[in-house]
Asks: 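Structure below; questions to follow.
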Amino acid sequence: KEQKKDKEREKVKHSNSEHREHSDKKHRDKDKVKNFDGSGERHREKQDKDKRREEKVCFLKIRFFSGIVFEENNQIKPRPFLNMLKTYDGCILFRFEYKPKKIKTENGKKLKKRKQEYEDEEEDIKPKKTKDKKAGAESKKVKKEPEEKWKWWEEERATDGSKWRFLEHKGPVLAPPYEPLPGHVRFFYDGKPMKLSAAAEEVATFFAKMLDHEYTTKDIFRKNFYKDWRKEMTSEEKSKITDLTKCNFTEMSEYFKAQSEARKQMSKEEKLKIREENERILQEYGFCVMDNHKERIGNFRIEPPGLFRGRGDHPKMGMLKRRIRPEDIIINCSKDSKHPKPPQGTRWKEVRHDNKVTWLVSWTENIQGSIKYIMLNPSSRIKGEKDWQKYETARRLKKCVDRLRAQYRDDWKSKEMRIRQRAVALYFIDKLALRAGNEKEEGETADTVGCCSLRVEHIKLYPKMDDQEYVVEFDFLGKDSIRYYNKMPVEKRVFKNLQLFLENKQPEDDLFDRLNTSILNKHLQELMDGLTAKVFRTYNASITLQQQLKELTSPEESIPAKILSYNRANRAVAILCNHQRAPPKTFEKSMQNLQTKIDEKQKQLSTARKQLKGAKTEHKASHGDGSKKMVEVKRKAVQRLEEQLMNLQMQATDREENKQIALGTSKLNYLDPRISVAWVKKWDVPIEKIYNKTQREKFAWAIDMAEEDYEF
DNA sequence: TAATGGACTTAGTATACCTTAC
DNA sequence: GTAAGGTATACTAAGTCCATTA
């Protein structure tokens, strides 16, 4: 059994690493990984090695592999983390099932002391806050205290579909008008300087600003840009400028670079002035009054003009995103409120009073023709209520998920093709947390898919793969053109169904040709009120966090170790939801810095240990009070260093594991915050360690209402 | 029933800002 | 005081899902 388990682990690890390698972004950093593994530093390490042997201290670099595995019984079961111990030479010693590392179990006294330390830390923050508030009040930044603490979650909700009764705001902040370039900054065509009209020049500056970006080398980008740029040119310019490759924007580009450099070099006073001006704008336009409460607006600035930057292979990249004028803007507010004024000499497109919607301002953008909105901040009542509701729906799903799973398993045997397809798709959504996958207009956006829009070319079936049967390999681009790659053994019936769905189809044909999101959601709605495909993602994410926290947290651990456990649980969810990020540009460097710190700490520790040994010897000889004290002092120093070293090592592990995984998205959108709040309360971890200020504001409702016994 | 429009959530990245180390 | 590094925030694209229209 053990051997089999080991093999399985090996495989998951393999598929995980393959997953990493498949992604283009990740590919770039492959070699760098090796470096962190030790090859880059090997020389120096070898020099240190003998020394360490002498000291007989065996420090190990720890790296963890994480992932999700799915059990046969059709229940999603997050896999416990595996870890691997590596020596400094980079060779693997052994691998074992993850057990939270014990960090010199703290005795009660120590634990108390640490708690006290954290409390002190908090104390440190608190007075500052009050100071800030005072300062704020003095500089007449009128922030009404009681409103900050408004507990909307204790109030009743409207049931008539109206979103508000009163709404007043100042309207949007428009993009600043175009400032023509100074005379000395020139544009060259075919090697000769050429003065452009203001309109053409503005669009040219958009391109110039992006010159360093890979985008500007792409054919589609250049084509789209050139086409739209020409529209802004005078007829004279049009006839002169006929070839983009003959355009030279470098002087413009240099100018902007110099400007941004100059901005960085500004004096303190100048910077302060800008900051104050921003603060003033925020105070004036950043808030609205909704039903007697001052609420923060999310995005009160109209998007400035520029070149459209789609994600992935977007057919519209490089197109001109035009400037939004007051005449394009619809204002939404109460009839009886003070209406926002358009700039002098202009008018709004429309002022309406629709309290069935939550937006304050809207306009239609010209790239896709879709509507953009100005809405409230996530900390607002209107967003918070919706968020809370979302998690309540997911909790209702928890209650009936067994029934639903039994149902879709049953449907795999249906006589009707459409039902079988629906059931298999739902199985994927449930098990792999895939998105619903709406149809998209071809040629309008990047070619990405979700579950219902999967095509034949996106999956491969393997009746047998290594020692596993019925393996499905997924490989497609999902939202934001992020690659989803996974291999999963499925039940025989699912496999047979998939084979059936693939019969007589071309690679570009739909896998589920009798299914779309509307059909699927209609079916889900019948199974549970308010159920849609995306509820499964929320449910599976939250339940995974709860399970993982239970599994990974051990009571005797220190706070940093607990935080590592929390991050790991969070990470399990991020992996499930395929939330990836490009590895930070400075990743390797910062990792090396951390390693240097660890090395230093180790040296300090070994010195401290030697000193302790010496002190002990001395004490044995003298039996004096002074020498006894010295032993104590040295012992404490060793302890402190050990602790610091552990923390550094934990930090390194955390960061390494997080290299290309983004935790933020799941934390903000998928994890019921009450689970985290309950965990924090249960283990006396300061909430600041898992939620920053903004997150605490967003989740104020959960922080206030969840107790340590909260169950999702 | 399919297409379209509208409102809202979810998403990754660029940049501003803050902290730390020197 | 300043540069480096890390974190928070701003930004806006890209999804989901529901309602309406053709």
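Below, chains carry the letters A, B, ... as their sequence lines are ordered, and counting in each starts from 1. The figures that follow rest on heavy atoms only: side chains count, while hydrogens, waters and symmetry mates do not.
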Asks: Compare all side-chain heavy atoms of A:D387 with those of A:W701 and state whether any distance is below 4.5 angstrom.
Replies: yes
Asks: Check whether any side-chain nitrogen or oxygen of A:R296 sits under 4.0 Å from OP1 or OP2 of C:dA10, and answer yes or no.
Replies: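 Looking at the OP1 and OP2 atoms of C:dA10, one of them is under 4.0 Å from a side-chain N or O of A:R296.
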Asks: Evaluate the side-chain contact (heavy atoms from CB on, under 4.5 Å) criterion for residues A:E279 and A:Q283: first the C-alpha distance (whole Å), next the side-chain angles of each, then the deciding distance (0.1 Å), finally the verdict.
Replies: CA-CA 6 Å; A:E279 181 62 25; A:Q283 289 306 322; 2.9 Å; yes
Asks: Given atom CZ of A:R263 and atom C1' of B:dA16, what is their separation to the nearest angstrom?
Replies: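 Interatomic distance, CZ of A:R263 to C1' of B:dA16: 11 Å.
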Asks: Does a side-chain N or O of A:R696 approach OP1 or OP2 of C:dA8 to a distance below 4.0 Å, or not?
Replies: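 No, no such contact exists.
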Asks: Pick base, sugar-phosphate or nothing for A:T517, based on heavy-atom distances below 4.0 Å to the nucleic acid.
Replies: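 Answer is nothing: A:T517 stays at 4.0 Å or more from every strand.
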Asks: Just compare C:dT16, C:dT12, B:dT9 and give me whichever is closest to any side-chain atom of A:R311.
Replies: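 Side chain of A:R311 sits closest to C:dT12.
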Asks: Verify whether one side chain among A:D430 and A:N540 offers a donor that lies under 3.5 Å from an acceptor in the other.
Replies: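 The criterion, which ignores hydrogens and geometry beyond distance, is satisfied for A:N540 and A:D430.
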Asks: Closest nucleotide of DNA chain B for A:R352 versus for A:E439: which of these residues is on the 5' side?
Replies: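 On the 5' side of the pair lies A:E439.
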Asks: When you measure from the side-chain N and O atoms of A:S362 to the phosphate of B:dA7, is any distance below 4.0 Å, counting only OP1 and OP2?
Replies: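 Checking A:S362 against B:dA7: no side-chain N or O falls below 4.0 Å of OP1 or OP2.
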Asks: Touch check for A:K479, heavy atoms < 4.0 angstrom, all strands: base, sugar-phosphate only, or nothing?
Replies: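 Base contact - A:K479 has a heavy atom under 4.0 Å of at least one base atom.
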Asks: Considering every strand and a 4.0 Å limit on heavy-atom distances, what is the contact class for A:Y670: base, sugar-phosphate, or nothing?
Replies: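 Result for A:Y670 = sugar-phosphate.
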Asks: With a 4.0 Å limit, can you tell me whether A:H579 has a side-chain N or O closer than that to the phosphate oxygens OP1/OP2 of B:dA11?
Replies: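 Checking A:H579 against B:dA11: at least one side-chain N or O falls below 4.0 Å of OP1 or OP2.
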Asks: Take A:D291 and A:R381 through the salt bridge (Lys or Arg N to Asp or Glu O under 4.0 Å) test and state the conclusion after the steps.
Replies: CA-CA 10 Å; A:D291 297 343; A:R381 184 213 95 219; 3.5 Å; yes
Asks: Taking any heavy-atom pair under 4.0 Å as a contact, classify A:R537: base, sugar-phosphate, or nothing.
Replies: sugar-phosphate
Asks: Taking CE from A:M375 and P from B:dT10, how many angstroms apart are they, rounded to a whole number?
Replies: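 It works out to 13 Å between those atoms.
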Asks: Roughly, in whole Å, what's the span from CG in A:L477 to P in C:dG15?
Replies: 10 Å
Asks: Which nucleotide wins on minimum distance to the side chain of A:K386, given the candidates B:dT9, C:dT12, B:dT13?
Replies: B:dT9
Asks: Please check the phosphate of C:dC17 (OP1 and OP2 only) for any side-chain N or O of A:T532 closer than 4.0 Å.
Replies: yes
Asks: A:K321 side chain N/O closer than 4.0 Å to the phosphate oxygens (OP1, OP2) of C:dA13?
Replies: yes
Asks: Identify whether any heavy atom of A:N438 sits under 4.0 Å from a base atom; if not, whether one sits that close to sugar-phosphate; answer base, sugar-phosphate or nothing.
Replies: base
Asks: Is A:L477 close to A:Y484 at the side-chain level, that is, under 4.5 Å between some pair of heavy atoms?
Replies: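 The answer is no; the side chains never approach within 4.5 Å.
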Asks: At less than 4.0 Å, is any side-chain N or O atom of A:K534 found next to OP1 or OP2 of B:dT10? Yes or no.
Replies: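 So the side-chain polar atoms of A:K534 do come within 4.0 Å of the phosphate oxygens OP1 or OP2 of B:dT10, strictly under.
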Asks: Just N and O in the side chain of A:T448: are any of them under 4.0 Å from OP1 or OP2 of C:dG15?
Replies: yes
Asks: Less than 4.5 Å apart, side chain to side chain, heavy atoms only: is that true for A:I382 and A:K163?
Replies: yes
Asks: Of all the nucleotides listed (C:dC17, B:dT9, C:dA13), which has the minimum atom distance to the side chain of A:A533?
Replies: C:dC17
Asks: I'd like to know if A:K273 pairs up with A:E276 as an ion pair, taking the criterion as any Lys NZ or Arg NE/NH1/NH2 lying under 4.0 Å from an Asp or Glu carboxylate oxygen.
Replies: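 Looking at A:K273 and A:E276, the cut-off is not met.
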Asks: When the nearest nucleotide of DNA chain C is assigned to A:Q695 and to A:F308 on a heavy-atom basis, which residue is associated with the more 5' position?
Replies: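 Mapping each residue to its closest nucleotide by heavy atoms, the 5'-most match is A:Q695.
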Asks: Classify A:S370 by what it touches in the nucleic acid, base, sugar-phosphate, or nothing, heavy-atom distance under 4.0 Å.
Replies: nothing
Asks: For the side chain of A:N669, counting heavy atoms from C-beta on, which of C:dA13, B:dT10, C:dA14 is nearest?
Replies: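 When the side chain of A:N669 is considered, B:dT10 is the closest of C:dA13, B:dT10, C:dA14.
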Asks: In whole angstroms, how far is the P atom of C:dA13 from the CG atom of A:D447?
Replies: 20 Å
Asks: From CG of A:L360 over to P of B:dA7, roughly how many Å is that when rounded to an integer?
Replies: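 From A:L360 CG to B:dA7 P: 13 Å.
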Asks: Please determine if a side-chain N or O atom of A:K372 lies less than 4.0 Å away from the OP1 or OP2 oxygen of C:dA13.
Replies: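 The answer is yes; a side-chain N or O of A:K372 sits under 4.0 Å from OP1 or OP2.
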Asks: Nearest to the A:K163 side chain among B:dC8, B:dT9, C:dT12, which nucleotide is it?
Replies: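 Out of B:dC8, B:dT9, C:dT12, the nucleotide with an atom closest to A:K163's side chain is B:dC8.
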Asks: B:dA14, B:dG12, C:dC17: which one has an atom nearest the side-chain heavy atoms of A:D480?
Replies: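 Given the options B:dA14, B:dG12, C:dC17, the side chain of A:D480 is closest to B:dG12.
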Asks: Which nucleotide in the set B:dA11, C:dA8, C:dC18 lies at the smallest distance from any side-chain heavy atom of A:R435?
Replies: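 Nearest to the side chain of A:R435 among the choices is B:dA11.
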Asks: Mind calculating the distance between CG (A:L282) and P (C:dC11) to the nearest angstrom?
Replies: 11 Å
Asks: Touch check for A:P304, heavy atoms < 4.0 angstrom, all strands: base, sugar-phosphate only, or nothing?
Replies: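 Sugar-phosphate, no base atom in range.
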Asks: Between A:K321 and A:E303, is the closest basic N to carboxylate O distance under 4.0 Å?
Replies: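 So A:E303 pairs with A:K321 through a salt bridge.
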Asks: Is A:G369 touching bases, backbone alone, or none of the nucleic acid, heavy atoms closer than 4.0 Å?
Replies: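 Counting heavy atoms under 4.0 Å across all strands, no contact is made by A:G369.
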Asks: Would you kindly compare A:T538 and A:N516 by the position of their nearest DNA chain B nucleotide and give the one closer to the 5′ end?
Replies: A:N516
Asks: Starting from P on C:dA13, measure out to CD1 on A:I371 and report it in whole angstrom.
Replies: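 Rounded to the whole Å, the gap is 15 Å.
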Asks: Could you tell me how far apart A:I324 (CD1) and C:dT12 (P) are, to the nearest whole angstrom?
Replies: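 So the CD1-P distance, A:I324 to C:dT12, works out to 11 Å.
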